[in-house]
Amino acid sequence: MRIRFGITLAIALAMANTAHAVTLGAVLPLSGSSASIGEDQRRGIDMAVADINAKGGLLGAPLAVKIEDSADGATGALDAATKLHSIDKVPVVLGEYSSSVSIPLGQYLVKQGMVHLNIGSSSPAIRQIGASSFSLIGLDDLSAQFAAKDILGLGYRKVAFIAPNGAYGQGIDGQFKKYLQAGGGSVVAEVLYTPGQSSYRRELQQMQRSQPDVYVYSAYGQEAAVINRESFELGISKTPWYGIYLSMCTADTPAQIANGQIGMEVASLGSAGQAFAAEYQKRYGFAMKSSYSSYAYDGVMLAAAAIAQAKSADPAKVIAALDQLGASFAGATGKLALDADRQRTEQPYDKLAYEGGSLHAR
Amino acid sequence: MSTLLTVTGVTKAFAGNAVLQGVDFAIGPGEIVGVIGPNGSGKSTLLNAISGFTPVDAGRIELGGAPLQRLAPHRIHGLGLARTFQLPAMPEKMTVFEVLLAADNRRHGFWASLCGGAEQRAQEAASRALATQWLGELLLTGVRDTPAAALSGGQKKLLSVGCALMGNPRLLMLDEPTAGVHPNLRRDMVAMLQGLAARGIALLIVEHDMHFIGELCQRCIVLDRGRVVAQCTPAQLSQHPQVLQAYLGSEHPVVLEAAV
Amino acid sequence: MFDFCLHVLTLACLYGLMALALNLQAGYAGLLNFGHIAFVGVGAYAVGIGRLAGWPLPLSMLAGVACAMLLGVAVARLGRNLASDYWGIATLAVAEIVRIVVLNQSGMAGGAQGISALPGPLDALPETAQPLAFAVLGLFAVALAAWLSARLAASRFGRALRLLREQPALASCLGYDLGRLKRSATLASAAVAALAGSLLAGYTHFVSPDYLLAAQTFLVWSMLMIGGAGRVAGVLLGTVLVQGVYSFVPLARDLLGLGSETVGALRLGLIGAILLLCLLWRSAGLLPERLRTLP
Amino acid sequence: MLQFLFDTLSRSSDLALIALGLSLVYGLAKFPNIAHVQYAMLGAFASVVLQRAGTPLALALGMASLLAGSLAVLCNLWVFSRLRRQGPAIAMIGSLALAMILVAAALAGHGASPLAYRLPLSAPWVLGPLFVAPNQALAMGVTLAVLLACTWLLLGTRQGRAMRALACNPPLAAAAGLDAERIIHAVHFLGAALAGLGGALLALNTGAYVNLGNDLLLPIFAAAILGGLGNPLGAVFGGLLIALAETLVTNLNIGWLYGQPMAFVPAGYIGAASFVILLLALLLRPYGLFDREVRRV
């Protein structure tokens, strides 16, 4: 009896999902070592859903996003994607963070004829996922090129580079080195650290020995906090520190240590960007932890816009609408300007400095 | 008389304590030899040394002319030497019958087992026949399908003798075969072991029970503090001055009384 | 729903292969291999590196099995003078070293990003038929492996392994070369695990260092122990159960209608709780190994 | 050079208490307890939350340690005392499931972002070439004091002897009239209390975060194995050796090999270094570096 009730309820819920509202899917690293980024992505998605539903929803009904945990791995992401495809029947899936998860996820979605919106992976290999995979985030070549130019422009030549030894770190490392060397600089120390250690003193000191003009880093959460704290404790923080995606680098670091750091960040100077940042602060009570929330926000917004334009949640029609919209859509992270490979070609970045406890344009 | 096992000058020390100090003796085919001596005289170490569980420091051990002292236990078994343990531990998740079958190690290779075939089936049938025969002779038929670990201490001893015999050894070494065995069963054991010797299997028996030694053995080797202090027939034991010295010097007068 | 069940079934079959492979070592021979995933990873990476080198898929898979068996020889050699729990951690160390090496080999093995667009064994079939076909292939492979394992367990070799697991000293003095028995079990296990790895890479069309995480070994171990080590039916039941729990827990959350904040915690916590309850309820496994009474 | 030595000591002090606790429990329970590192994670959270709520740091550390210890006793009562009878593999999988539940609890209770102590940031002390952070010195000092206390407890007291006797030979210890159950509970409490304190001290540098336990798992196991399982003080030296290996890998200039002024092994191999050391050590000394045999001689 109870089981039958449960089944009826399940069917009713499923019907409620498909009949009355458009449901999108998202696969995020909500447990495992990237969980803090997944959580920030989730915040962005929740904000977008709230915004859209506050304005009357999509196609006349409230929008929902079904968020699944990838457990930080390819098989977990495939489990989640298969569920979203086969049970929830969503047309669009957003995800993931690590490119070693986004790539198999995207491959699967493309094979099923679904839309993949990449909201967190910046590896150049994302480009090859396939015909229905769109990137809202500028790939590493964009951010690395911007950072390299910025650093050379500031007059630094000898650079020590540190990033986590993962898909993101290895990708940005290669790109950054390429652009820096092309512009006449050199990477004198290159450390891809093993995430999750209790201390990075050894890595920091190895870099110190090459006496760089500037330390360039890109890290997040607990690791960024430890690296910043230890560079302060070792007296290394007197040399300039440059953060690629500075807001995530300094999010969990005491202001006293972060003061004086410079870096770059996804532009949030446009009206949409500033509105998002303000809304985020209001909703969660702290400043944006990283720009991954804004990419996730834009992902939902873009999907909603495409579905609204296609007047249908049919994936083929959504893809056609995305192909049109991609060139002109502008969101919290600025204008997308997707190219023929459906990758972002324009990514406005800001040059920032951390002063007096917060980030400012420089 | 030809010799089967020759032990020459075997020496072993654990962390500076000499446990075996130049042990010499020899055993012929079909001979039944007892090894006695007070606790700590090195009896078990001697058995471990011969069967390859304890590497010796010096000396030679030969079985039918082949040197054993550098070989691993399974190689020594392959040359025709089987043994039992003082406290035989038996598998929990195998029946008595299965343990006996496992004790026959012929054709146990991976591919032979996986592919099967007529030869494999014939071998399995032969093993089962042999195991069934030993079950009967060792009075274990009633516990054939019991987990081997659930047997009583005495039954485990019998089973381990059966295991040793499944390999058709030339020399069988028994470590205290009667400890924990019911007295009635003990008599049957004497007959059974004599039967083995009649088939040409040499027996080397470490034992405390002097009646058992007296009934069974043709010869005794007396160990004291790692040395062979006497080799004589069981009847001569009580008159042997070194034997008296060895036992009176220790805490085992009771054993000696039994021997007298 | 049907596609999702097919997916779960396919994964269960692939993990079933890994669990049956581990069962050869852990269930039959009592070897605590905590680096089992290294064999799987070698098989999976063989498909990846084979693609980069332009090899045909069958050749890559064969190379994977061969490499995994080589690794098996090395691991078994390591076990010759180590006690079982030390050997367990040593195998874990070997698997971690393999993972760290492929993680840092961005040229040859794709680095942290892994190797994508891998060929699958059923690519020739039409797209829509592939999920069903792969599930059938997986079922066939797992059925074959189960049949062979059961046959092996009943054979003279299997009996020798049991004796080795239960009483190694007895086995040794009954003429069994323990090192050789362990090596044979490890090699057979490595071959099957590598095959499972190749199939997993072919199914997901992807391989990355994440496939080699120690957590994956623990996952396969939990399948083995919850189902019942040493018994093929137990291992398979454990695999289906654990894979089912991993896959269907997100559905339970949908039924409960909980918000997105709890997704990660709920999934992890429910899986942990179900596994723990299974263990406490039947701590020898759901289908524990039985005594073999022979005619 | 001095700084490298100091950092090696600092890293090994990070590992020391937790590895000591693991080794202590392993000696009695004889299974690799994966949940052990989660006690460290929970200890870190408990301590940070208490300190942020206004508890003085010393009290917060102590309470976190007690909480972790009590939790371990409950876990032992409900889970491990039943699973241990089925052998080490079952108990290990049980500890794995328990670890998942503990991580899930932390994830649900706090979320994935790190949580740091609310402490004023003080400038490092500069002693010649040496930079020492006050919190680092505090963590090392407390660790050293607790290690000394544990050494005394294990080697110098009746209770310690009872624990070691039970670890070496349970039937004999039981025959000698030791109350095994009580001692096992005491050891679980002590082991987890050490882990909780270790985690709370670690959080001085890293903050408390959900993955703290998982990140520690492999280095801690490597340290405990290196020292010889069930040999608690060996585990401390195991941790020291691993810290040394990591420091050498990251800081040994191998530029001369390539004819360059400076070149290093890629830092990504830092994890492999400790495992290579572990394998080498096991090849040379199959029962860990500080095996019981050594102590007996």
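Reminder, nothing fancy here: chain letters follow the sequence lines and each chain counts from 1.
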Can you name the closest pair of heavy atoms from [X] and [Y] and give their distance?
X	Y	value
B/Gly109	C/Phe157	O-CB, 4.0 Å
B/His108	C/Ala160	CD2-CB, 4.3 Å
C/Ala169	B/Phe53	O-CZ, 3.6 Å

*Do you know which of C/Leu187, C/Leu163, C/Leu152, C/Asp177 has the most heavy-atom pairs with chain B at a distance under 4.5 angstrom?*
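Winner by heavy-atom pair count: C/Asp177.
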*Atom group of C/Arg162 that falls short of 4.5 Å from chain B, counting heavy atoms*: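 Contact with chain B involves both backbone and side-chain atoms of C/Arg162.
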*Residues of residues 20-39 of chain C contacting chain B, heavy-atom criterion under 4.5 Å, by residue number*: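 So no residue qualifies.
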_Close approach to chain B in residues 284-295 of chain C, criterion heavy atom under 4.5 Å_ =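 From residues 284-295 of chain C, the residues near chain B are C/Glu289, C/Leu291, C/Arg292, C/Thr293, C/Leu294, C/Pro295.
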*Quick one: what part of B/Ala112 sits under 4.5 Å from any heavy atom of chain C, side chain, backbone, both or neither?*
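Neither part; nothing is under 4.5 Å.
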*C/Arg156 side-chain N/O to B/Leu101 backbone N/O, donor-acceptor pair under 3.5 Å*: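 No; judged by distance alone, with no hydrogens or angles, the pair does not exist.
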*Side-chain donor or acceptor of B/Asn105 paired with backbone N/O of C/Leu174 under 3.5 Å*: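 Yes: the side chain of B/Asn105 pairs with the backbone of C/Leu174.
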*Can you check whether anything in residues 131-145 of chain B gets within less than 4.5 Å of chain C, heavy-atom wise, and list it by number?*
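B/Arg144, B/Asp145, listed by number.
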*asked:* Quick check for you: to the nearest 0.5 Å, what is the distance between B/Leu114 atom CG and C/Ser184 atom OG?
replied: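 With rounding to 0.5 Å, CG (B/Leu114) is 11.5 Å from OG (C/Ser184).
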*How long is the span from the CD atom in C/Gln167 to the OG atom in B/Ser160, to the nearest 0.5 Å?*
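That separation rounds to 11.5 Å.
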*asked:* For C/Phe140, I'd like to know if atom CZ has over 12 heavy atoms of other residues, nucleotides or ligands within 6.0 Å.
replied: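 Not buried by this count: 12 neighbours or fewer within 6.0 Å.
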*Take atom CZ of B/Arg75 as the centre, draw a 6.0 Å sphere, and report whether it contains more than 12 heavy atoms from other residues, nucleotides or ligands.*
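Atom CZ in B/Arg75 is not packed in, count stays at 12 or less.
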*asked:* Apply side-chain contact (heavy atoms from CB on, under 4.5 Å) to residues C/Arg159 and B/Glu124 and explain how you reach the verdict.
replied: CA-CA 12 Å; C/Arg159 208 178 276 148; B/Glu124 180 69 8; 2.6 Å; yes
*pair C/Arg180-B/His74: side-chain heavy atoms closer than 4.5 Å*: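 No. Closest side-chain heavy atoms not under 4.5 Å.
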*Under 4.5 Å between any side-chain heavy atoms of C/Cys173 and B/Ser51, yes or no?*
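Counting from C-beta outward, C/Cys173 and B/Ser51 never come under 4.5 Å.
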Throw together a table of side-chain donor-acceptor distances under 3.5 angstrom for residues 85-92 of chain B, partners on residues two or more places apart or in other chains.
none

*Under a 4.5 Å heavy-atom cutoff, which of B/Val99, B/Ile76, B/Asp104 has the most pairs with chain C?*
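Top count of heavy-atom pairs under 4.5 Å with chain C: B/Asp104.
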